[in-house]
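Notes to accompany the following structure.
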2 protein chains.
Amino acid sequence: MATIKDVSKLAGVSVATVSRFLNKNGYVSKEAAQAITEVIEKLNYRPNNIARSLAGKKTATVALMVPDILNPFFPEIARAVEDAAHEIGYTVMLCNTDNDADKEAKYIETLIQKQIDGLIISSYTIKPEQVAKLQKHSIPVVLMDNALPGQDIISLLSDNREGGIAATKHLIAQGCKKIVHICGPMHITSSRERTLGYEDAYKKTGQFMPSLITYSDFTVKGGYDSMKGLLEAHPDLDGVFASNDLMAAGAVKALIERGITVPDDVKVIGFDGIHMEMMIPELSTIAQPIYEIGKTAMEYVVALINQEPMEKKSRLFDVELIEKQSTKKVSS
Amino acid sequence: MATIKDVSKLAGVSVATVSRFLNKNGYVSKEAAQAITEVIEKLNYRPNNIARSLAGKKTATVALMVPDILNPFFPEIARAVEDAAHEIGYTVMLCNTDNDADKEAKYIETLIQKQIDGLIISSYTIKPEQVAKLQKHSIPVVLMDNALPGQDIISLLSDNREGGIAATKHLIAQGCKKIVHICGPMHITSSRERTLGYEDAYKKTGQFMPSLITYSDFTVKGGYDSMKGLLEAHPDLDGVFASNDLMAAGAVKALIERGITVPDDVKVIGFDGIHMEMMIPELSTIAQPIYEIGKTAMEYVVALINQEPMEKKSRLFDVELIEKQSTKKVSS
DNA sequence: CACTATTGTGTAATCGGTTACATGTAATTT
DNA sequence: AAATTACATGTAACCGATTACACAATAGTG
């Protein structure tokens, strides 16, 4: 591997000049530039990023922390983040935390040692002290789809409350009279908000009862089990709002197994907008602008890394109702 | 951030001793060790990985190249690789190539500059010259679910041929008389093998015709479209073997849309064994030991990195038939 | 007891870059 | 013509570790 020294020697200039040339800062004469360009070409020289990083520059690496990349919501995030990162020459490290605080803590240690420039967290178990630790090492953090109350961290959230309202209103508009809700883990802010949205919207109809809500865990299995329970308690239900698409899918499964037709007998709507074209019927959902959020997360992280002046502000993204078959009005 | 120098000063020893202590090589007296331990604790010292890497050590980072993490097959791989990596203190960089040779080439440049220790490729478009480039930089490469003919690269494959046979035989055993096949991209080795397996097995029945095969692209949409075409050509088909689970899902969708019941009228089996619990009916499949393959890939890469003596050998993994509803025999 | 191994430690070079600073020349100002 | 300013380049310190080598003390051996 050729080094900057090799280049400087062959080009007949000093390493400083080569470095200036490479980084486009400071003065470099046309002749020197020409010579260096040629030598670089000839030696097929590539600057060593490790050395660069050590000399005080950044690593151009950010990490993405997710609970589990197997959960289809997170590949979408990963893809968005990776695309945005790649575009500006950054590289993404993938970290699965399994919602395990220990694993999380250990990972953060590793990431600090590896001198990542920034961290995008889309993990729900993240502890404030971990974030504090990162900040002590001046590693910028951006939270996606999560918020840490009372902390000075940028967090990018969808308007979950509004989404919960929109989902519920949509079911009402489609003619549902008795709408149940499968909600996600209560320690997740986004999840709570969605449920509050449902309550907001549904209470106005005067039909609300606490027993219409079941608490679940954002998994297909969880949605499936919850749906079974709800069917026992409310055989006359005709609308289901699940706090995420996976649970909605589980709910559909439970309904169909019981011989209940979706959307004819019961309409189902999810939340998130993950791609599940394989579902029959296809699922209506409240879609988050996941891609935009991911892209924004990268932009924010990079801005923080470069200490660009910015109003350090969290943001709320609009969600969008996507109507598919699962809530289609049946022409009677 | 405390450095090794700070530690050495405070502990009253030289940096060399501290380094020896940290790396557990060379002699360090009990007293020195004790003193160093205390100072490290006190200063909360963590060795700087960048500096370590520069000084000739490895980066403890591998990259994983996949076409698109949004395709549900790849999160499974990513998860396996990441788990195995994490266990041995390695970190994983995620690279989406979109099957774009340019993007791939650029990425490889970046990865070389970042001095990754090894690369696991599960991307189908990888070019031999790219691999050669990596090898020139002595970066070990392991191929997953793919092989590069005539190249000296370890590749980990499932027994796709055998899997294709097993899938077909299973459909036959379940009573299917006319079995069509939706095959994947022909430039993908694994895909071709699966199709060969189908042909092998089905030709024995004497029922085989080339028109039973449709060429598709490993997507849900592709499977859906192919199925439609096959239904036109062969209205009397009663078994479908799709070369991957996504296409199988698309096929199921097309069938159900046509009012055909799965598995009663037509049985469908896929390949890969990705998790799709949301499907109704759940999909029978030939499961690859994805997790094991991912783990093995990491083990191989690390062995290569450490230049451990090993018979540099590619491996073929056994696949497993997973029977679910989509091929259930209907009690008549 | 002299001689070799073993144990323990420190100095300084090295990895491959970046950059502050010194120095020198050419072009502008005043 | 003297004083600035802009341009161009090189020297050497530095980033934070690893490690070859030299040296010293202690233990073991014949």
Side-chain angles (χ1 to χ4, degrees), chain A residues 1-37 39-40 43-61 89 109-110 112-117 137-138 306, chain B residues 1-37 39-40 43-61 89 110 112-117 137-139 306:
Chain A
M1 225 12 213
T3 72
I4 197 172
K5 232 182 230 165
D6 301 330
V7 175
S8 77
K9 257 182 216 146
L10 250 174
V13 297
S14 73
V15 292
T17 303
V18 179
S19 178
R20 268 182 231 114
F21 171 81
L22 290 171
N23 299 293
K24 300 187 205 313
N25 60 24
Y27 299 110
V28 176
S29 67
K30 281 252 190 290
E31 301 79 51
Q34 178 61 24
I36 294 170
T37 309
V39 175
I40 286 179
L43 296 183
N44 191 29
Y45 166 77
R46 295 284 175 277
N48 178 324
N49 250 288
I50 300 289
R52 272 189 160 163
S53 302
L54 182 57
K57 274 283 198 314
K58 304 300 183 169
T59 50
T61 300
E109 272 288 324
T110 306
I112 291 173
Q113 274 182 63
K114 295 219 172 177
Q115 315 258 98
I116 54 156
D117 290 345
H137 288 269
S138 48
N306 297 332
Chain B
M1 221 18 209
T3 72
I4 198 173
K5 231 182 231 165
D6 301 331
V7 174
S8 78
K9 258 182 217 147
L10 249 173
V13 297
S14 74
V15 292
T17 304
V18 179
S19 178
R20 268 182 230 112
F21 171 81
L22 291 171
N23 299 293
K24 301 186 202 316
N25 61 21
Y27 299 110
V28 177
S29 67
K30 279 253 192 292
E31 302 78 50
Q34 177 62 25
I36 293 169
T37 309
V39 174
I40 285 179
L43 296 184
N44 191 31
Y45 165 77
R46 296 282 175 277
N48 178 325
N49 250 286
I50 301 288
R52 269 189 161 165
S53 303
L54 181 57
K57 275 287 199 316
K58 303 300 182 172
T59 51
T61 300
T110 306
I112 290 173
Q113 274 182 62
K114 294 219 172 177
Q115 315 258 99
I116 55 157
D117 290 346
H137 289 268
S138 48
I139 297 177
N306 298 332

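Predicted model only: the values in this text are computed from it and were never measured. Just so we're on the same page: letters track the sequence lines, and every chain starts at 1.
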Quiz prompt | Side chains of B:Gln115 and B:His137 in contact at under 4.5 Å (non-hydrogen atoms) | solution = no
Exercise. Answer with base, sugar-phosphate or nothing: what part of the nucleic acid does B:Phe21 contact at a heavy-atom distance below 4.0 Å?
Key: nothing
Quiz item: Please give, in whole Å, the distance from D:dA20 C1' to B:Tyr27 OH?
Solution: 16 Å
Quiz item: For B:Ile36 and C:dG10, what is the distance between atoms CD1 and P respectively, to the nearest whole Å?
Solution: 9 Å
Quiz item: Which of these nucleotides, C:dC15, D:dC15, C:dT18, is closest to any side-chain atom of A:Leu54?
Solution: D:dC15
Self-check item: Note, A:Phe21 side chain near A:Thr37 side chain (heavy atom, < 4.5 Å)
Solution: yes
Quiz prompt | Residue A:Asn23, side-chain heavy atoms: nucleotide from D:dT9, C:dG8, C:dT18 that is nearest | solution = C:dT18
Exercise. Report the distance from atom CZ of B:Arg46 to atom P of D:dA17, rounded to the nearest whole Å.
Key: 12 Å
Exercise. Quickly work out the B:Lys58 NZ to D:dT18 P distance and round it to whole Å.
Key: 15 Å
Practice problem: Provide, to the nearest angstrom, the distance between the CG atom belonging to B:Asn49 and the P atom belonging to D:dG16. | Solution: 14 Å
Quiz prompt | A:Thr61 and B:Lys114: side chain donor to acceptor below 3.5 Å | solution = yes
Self-check item: Side chain of B:Pro47 (C-beta onward), nearest among D:dA17, C:dT18, D:dT18
Solution: D:dA17
Quiz item: D:dT11, D:dA17, C:dA12: which one has an atom nearest the side-chain heavy atoms of A:Ser14?
Solution: D:dT11
Practice problem: Please determine, for the side chain of B:Val15, which listed nucleotide (C:dA12, C:dC15, C:dT18) has the closest atom? | Solution: C:dA12
Quiz item: What is the distance, rounded to the nearest whole Å, between atom NZ of A:Lys5 and atom P of D:dG10?
Solution: 15 Å
Practice problem: Can you figure out which of C:dG10, C:dT11, C:dT18 approaches the side chain of A:Ser19 most closely? | Solution: C:dT18
Practice problem: Output yes when at least one side-chain N/O atom of A:Ser29 is less than 4.0 Å from OP1 or OP2 of D:dT9, else no. | Solution: yes
Exercise. Take the protein atom CD1 of B:Ile4 and the nucleotide atom P of D:dT18, then report the distance between them rounded to whole Å.
Key: 5 Å
Practice problem: Working to the nearest 0.5 Å, report the span between CD1 of B:Ile4 and CD1 of B:Ile40. | Solution: 8.5 Å
Quiz item: How many Å lie between CE on A:Met1 and C1' on C:dC15, as a whole number?
Solution: 14 Å
Exercise. Working to the nearest 0.5 Å, report the span between CD1 of B:Ile36 and OH of B:Tyr45.
Key: 10.5 Å
Quiz item: Taking for each residue the nucleotide of DNA chain C with the nearest heavy atom, is it B:Arg20 or A:Ala16 whose nucleotide lies nearer the 5' end?
Solution: B:Arg20
